[in-house]
Amino acid sequence: RVPFFTKWINHLCEDDPGWTPVEESNFFEDLKTGLVLCKVVERLVPGVDLTTKGIYQKPRTRATCVANIDKALSVAWRTGVN
């Protein structure tokens, strides 16, 4: 399943300036900061901009990573993304 999700995420976000593709070999490491999830939510929910406000751009601690993930999931749930 990792190859499928890697391709899907990269395809979804590929036209974003500054996008660094998620790698299959580093999939879970790439996702742990919450930044990839925030970008995916931005793509799935029209009008949402998480990268300029409300998230930690360079999360260095577990708390900041969890805060990013929580922010992305909160927006997704609030807007009804299933």
Just list the side-chain donor-acceptor pairs under 3.5 Å for residues 70-80, sequence neighbours left out, or say none.
residue: S74; atom: OG; partner: D70; partner atom: O; Å: 2.8
residue: T79; atom: OG1; partner: V75; partner atom: O; Å: 2.8
residue: T79; atom: OG1; partner: A76; partner atom: O; Å: 3.3

| said: Any side-chain to backbone donor/acceptor pair from D30 onto E23? Under 3.5 Å, distance only. | reply: yes
| request: Report yes or no: does E24 contribute a side-chain atom to a donor-acceptor pair with the main-chain N or O of P3 at less than 3.5 Å? | output: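 No: the side chain of E24 does not pair with the backbone of P3.
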| remark: The complete set of salt bridge (Lys or Arg N to Asp or Glu O under 4.0 Å) pairs with one or both residues in residues 54-67, sequence neighbours excluded, reads none
| With sequence neighbours left out, which residue pairs that include part of residues 7-17 fulfil the salt bridge (Lys or Arg N to Asp or Glu O under 4.0 Å) condition? |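 Residue pairs passing salt bridge (Lys or Arg N to Asp or Glu O under 4.0 Å), neighbours aside: D15-R43, D16-K39, D16-R43.
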| field | Side-chain heavy-atom pair W8, V40 within 4.5 angstrom cut-off | value |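 Contact flag for W8/V40 side chains = yes.
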| message | I'd like to check F27 versus I9 (side-chain heavy atoms, cut-off strictly below 4.5 Å). Are they in contact? | response |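 When only atoms from C-beta onward are counted, I9 and F27 do touch, with a gap below 4.5 Å.
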| field | Linked, directly or transitively: V66 and F28 (ILVMFWY side chains, under 4.5 Å) | value | no
| said: Give me the atom names and distance for the closest heavy-atom approach of V48 to E42. | reply: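 So the minimum-distance heavy-atom pair works out to O-CG, 3.6 Å.
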| task | Give, for atom CZ of F5 and atom CG of L31, the distance between the pair rounded to the nearest 0.5 Å. | result |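 It is 10.5 Å, given to the nearest 0.5 Å.
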| said: To the nearest 0.5 Å, what is the distance between OG1 on T6 and NE2 on H11? | reply: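 Here the rounded value is 14.5 Å.
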| request: Could I get the full list of side-chain hydrogen bond (donor to acceptor under 3.5 Å, both in side chains) partners for W19, not counting sequence neighbours? | output: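 Here the qualifying residues are N10.
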| Those residues that, when tested against T64, pass side-chain hydrogen bond (donor to acceptor under 3.5 Å, both in side chains) (two or more places apart) |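 T64: side-chain hydrogen bond (donor to acceptor under 3.5 Å, both in side chains) contacts with T61.
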| said: More than 12 heavy atoms of other residues, nucleotides or ligands under 6.0 Å from OH of Y56: yes or no? | reply: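 At most 12 heavy atoms, drawn from other residues, nucleotides or ligands, come within 6.0 Å of this atom.
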| With sequence neighbours excluded, what pairs up with L35 under the side-chain contact (heavy atoms from CB on, under 4.5 Å) test? |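 Only T33, I55, P59, N68 meet the side-chain contact (heavy atoms from CB on, under 4.5 Å) criterion with L35.
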